[in-house]
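For reference, the structure discussed in these notes is given below.
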Amino acid sequence: MPSAMDMLHPAVREAARRLGYTSLLPIQEKAIPHILAGRDVLVVAPTGSGKTEAALLPLLSRMAERGGGGLRLIYITPLRALNRDIILRVERLASEAGFTAALRHGDTPTSLRRRFLENPPNIMVTTPESLNLLLASTASRGIWDNVDYVVVDEVHELLESERGSELAVLLERIEKRRGRRVQRVGLSATLSRRSVEDAARLIAGPRRVEIVEDRAFKKYNIRVEVAVDEWNEEAWRRLVEKVAETALEAKGSVLVFVNTRSVAEKLAVELAGLLGEDQVRVHHGSLSRRVREEAEALFREGKVKVLVATSSMELGIDIGHVDLVIQFLSPRRIVAMVQRAGRSGHSLERVSNAVIVTIGNLFEALESGVIAFRAEKGSLEDIKPHRKPLDALAHQLAAMVLEGSAGSLSEAYELVSRTLPFSSLTMDELEEVARHLDGVRVLRLRDGALGQGRRLRKYLYGVSMIPDEVTYTVEDVVSGAKVGELSGRFVESLALEAGEGSGKGQRHLFTLAGRVWEMLDVDGESGKVLAKPLGVAPAMIPMWEGELIPVDYKVAREVCSIISLAMEDPQAGRRLLEARKLSGPVAERILRVLEGTVKAWGAPYLSPSTPVAEVVDGEAVVFACLGSKGNLALAMLISRLLSKYVGEVVFDYIPYAILLKARASQERLAEAVSKAFDEAARLDKVTRAAMIYDYVKFTKAYVVRFVQVAKRMGVIDPDARLPPDTVRRLVDAYRGSVVDRETIREVVHDKLDLEAVEEFFKFFREIKVVKASKPSPLALEVFGNPYLRRERAVDLKHIALSLLIRDKKRWLAKRRIILACTKCGWVGEREVGEVKSVSDLRCRRCGSISVAVVPDSEWGRRAVEVLLKALRGEKLTKEEKKVYREMLDRAGLVATYASQGYARQVVEALMARGVGPKRARKLMEVYLVRGEEAFYEELMNAEEEYLVNRKYWKT
């Protein structure tokens, strides 16, 4: 049978052979004929299968066949990290075949940009964002007149992001500007069947797409190694030792994947201690490009045995041969496991070897086994594309108006409605977005005609659909110290549970710098998280950010199916465990846990139609397996319904269970849980969704996401930083608007799975409620799951109150204060720590002790000005009169308590955040009646109350 190589243009065929392409790989043999025939093609194959050449060789051949100059082919890759690798491969092939190629992105120097416009290359490698702006700003120029081909790389990455939504429209704009059909070729890693169809529609809309796949040839060998049974003080040490042992057993280079950057850093340091500093490097997105490239080079050259990496290494960056991939704890997603394992045996004929090193917690072990099993079978999660992302639509609408491809709503609608993301968009929805952009002066809308607004260019060039890699600084409210950083996505995840429906008792915990913290407040604009320390957890892993990688509904359902079957038939369960790489002591432990649970419950109740709620110690553990997003949505719904019967409800969740806590007797809580689930089952789909949406609207996560969406829709300038009260007013003003709807849509899309909730209630028959005197073995596995944000989940050792008081005293001592005499107007400054007695507060001019103490802040300085204005006899406004009265109250407090020997304490009370004279007087009463420790404890409580509630105060 003739090779597809023989079908290529002679010049391209000879160029390929000179570069060492003597024969084609299977995916290339399959794809090249279709591409040569001019069809739109989606090539789906694992990393390292030769997809890039499968697209380039036939397209270069078509270019050589047709002849002509100018820009002919656009190669789009979403990741700039890959651009340098891609451009080298493209340039080699292109130059050998007689064509030119160039890289174009946001950092391209002005001189090269000018040269590009004057003399465009035949092939341009770029990102969706750079191409979007380039097309919008140069559409009237002739550089697009010869474009016949577009290659979209890493389609699987674009499919699940709004960048893909914009790209779908961008491809239609290119074709409209060209005035004729442009051939499209998409390249994607392995996808599920449903996602393959979506990926094809993303790159070509309703047009026919030839899907070329080669799933059969790539083999994976993924085993599961349990390093330690339980999550305890020894867990981290044993995990690190197991990774080191496994790495040493490998003959060659070892790539270790982790789920978060913080774990990558910690693990790399400790592995270096075991294997040698010169044998370990770390690689993740927060590191500089120079550090990443150095780590890649050392690993590629074999000078470093172990490279610890996050998802930054899943993609096609060249790191040479990898003998073994180690996944540290469950990867949580099958797609991630396939991509990561594929870095080992990075060629067609080799088996990809990988091992998941994890702990013996029943859910963590089963999850790892199910993911390993499904990865080997190629049974992947579906990727859910965005549908009608209104911020992406707004951005594309602005670009189309600037480039002249949409002079009217009907013209814009005709273009965008051909794409997958906007195929169900209505003309009314498009008009509403256009009216919004008219209102914020980005566009002009007059009787259906679209024109440029005065803010168009600033908006278009300032906004991007690339999610900001925001980091939040964590500030200790006790000591005032900066203790570290958290990723923006993790903060949003925490904040999503902090809704009005979650109750005041809801605690939002995270680990950082060796301690467990409770989040009190999030300031999205200043990028700050205020938190208080709760305790320390020995050998704790900073891993809760790993929950940002959601466990899919299908994985959770299979885990619970195994549990259900093993409860009824342990021998059948053992066979299922063995098939999922769980045998020997690990399998026996799982079966013992399930056997003990059946005895505790009295029957093996658990099934998809009969979830089990185990009620013990004022808490209900509901075994529901909807995955991470599904269980969060279910927890929101049930907690709302449950609160009608038992008052305030606090919830937590993992992919396999929901925990509901309330101040109610066991009998009352058990009855209420049953009622809540029965009521939820009777509701229709629309009502259930509405209740969850309503919950989302009143979470901190909504406010954080609202600001991002408002920037992407032109309400707020991209570089603007707004105080919290302004953000609150904007949120209220935009309720019910396209900005509000897009904010809710994004939060629901990213964090919740409403389809899983509906699937759950479709089969729901009844909930079995088990009232227990102590937790069953399975409930203990829930409590011991490392992703559960609870004190018991991390073996919390509470910090002594004396240490917190020590830190608070130190923080207060450093605060600068302003002293203002209410008699003569003398003003002085000092630190709280310098106040020892009443003499340190006395007026230096008249000797009075009637001195107001205020913080050295904008408010404090303004308050002093008001006091001086009053002393001069000038007329005060209504607001100034209130400030003046407060200054007198502050002076009265100082005179009362400082004269009795409590000068330092009264100043500390007045300098606590959010404490005014009235609260300060109560604090002093606590000091006099209950002593120093109670005083500082109440002072810290007052600060915490202020920090949590200040956003709801009127300003």
Side-chain angles (χ1 to χ4, degrees), residues 20 46-50 52 77 79-92 103 105 107 154 189 239-329 331 336-337 339-347 350-357 469 542:
T47 303
S49 56
T52 301
T77 174
L79 300 171
R80 280 176 53 187
L82 286 179
N83 280 349
R84 61 181 188 269
D85 291 326
I86 292 297
I87 192 61
L88 289 174
R89 294 164 71 182
V90 172
E91 279 183 334
R92 283 178 66 227
L103 177 64
H105 55 61
D107 294 336
E154 306 292 341
L239 282 165
V240 175
E241 290 173 351
K242 188 65 177 178
V243 170
E245 291 168 11
T246 307
L248 287 173
E249 291 170 2
K251 294 178 181 178
S253 299
V254 176
L255 187 55
V256 179
F257 279 106
V258 299
N259 294 335
T260 70
R261 294 169 182 175
S262 52
V263 173
E265 293 285 354
K266 181 178 174 67
L267 181 60
V269 168
E270 300 202 19
L271 283 176
L274 295 172
L275 303 176
E277 288 188 15
D278 60 338
Q279 291 299 304
V280 181
R281 286 291 186 277
V282 66
H283 189 289
H284 58 71
S286 294
L287 298 172
S288 69
R289 177 176 172 178
R290 181 190 63 80
V291 172
R292 292 198 308 271
E293 289 183 356
E294 180 185 349
E296 292 164 18
L298 289 170
F299 192 73
R300 184 168 54 245
E301 294 163 9
K303 295 178 180 178
V304 167
K305 183 173 181 64
V306 174
L307 185 63
V308 181
T310 58
S311 57
S312 61
M313 265 298 138
E314 287 177 14
L315 301 157
I317 298 170
D318 182 16
I319 52 171
H321 173 74
V322 177
D323 186 61
L324 178 68
V325 165
I326 298 176
Q327 168 64 43
F328 186 80
L329 298 177
M337 189 68 246
Q339 291 173 351
R340 293 175 178 188
R343 295 314 305 261
S344 161
H346 198 62
S347 62
R350 297 187 70 241
V351 174
S352 289
N353 291 304
V355 56
I356 303 173
V357 175
E469 284 294 321

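Numbering of residues begins at 1 and proceeds along the displayed sequence. A quick note: this is a predicted structure, and the numbers were derived from the prediction, not measured.
- Atoms CG and CZ, on L239 and F328 in that order, are 4.5 Å from each other to the nearest 0.5 Å.
- Interatomic distance, L307 CG to I326 CD1, rounded to the nearest 0.5 Å: 12.0 Å.
- Between K266 and V258 there is no side-chain heavy-atom pair separated by less than 4.5 Å.
- Between S352 and A341 the shortest heavy-atom distance is CB-O, 3.2 Å.
- In this structure, L255 and S344 have side chains that are not in contact, with every pair of non-hydrogen atoms separated by 4.5 Å or more.
- Side-chain contact between L275 and L248 is present, with heavy atoms from C-beta onward closer than 4.5 Å.
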Apply side-chain contact (heavy atoms from CB on, under 4.5 Å) to the pair V308 and R281, showing each step before the final yes or no. CA-CA 6 Å; V308 181; R281 286 291 186 277; over 6 Å; no

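- Contact of the F257 side chain with the P331 side chain is not registered, since no non-hydrogen atoms from C-beta on lie closer than 4.5 Å.
- Under the 3.5 Å distance criterion, the side-chain polar atoms of D323 are matched with a main-chain donor or acceptor of K251.
- Summarising the local packing, CD of E277 is surrounded by 12 or fewer heavy atoms from other residues, nucleotides or ligands at distances under 6.0 Å.
- Atom-to-atom distance recorded for E265:CD and T310:OG1 is 10.0 Å, nearest 0.5 angstrom.
- F299 and V254 get closest at one heavy-atom pair: CE1-O, 3.4 Å.
- Considering only residues two or more places apart in sequence or on other chains, Q279 meets the side-chain hydrogen bond (donor to acceptor under 3.5 Å, both in side chains) condition with none of them.
- Under the 4.5 Å side-chain criterion, counting only non-hydrogen atoms from C-beta, V357 is not in contact with Q327.
- For the atom pair CD (E301) and CD (E296), the distance works out to 11.5 Å, reported to the nearest 0.5 Å.
- A donor-acceptor pair under 3.5 Å is absent between the side-chain atoms of K305 and the main chain of V280, judged by distance alone.
- Of the options L274, L271, V282, a side-chain contact (heavy atoms from CB on, under 4.5 Å) to V306 is made by L271 and by none of the others.
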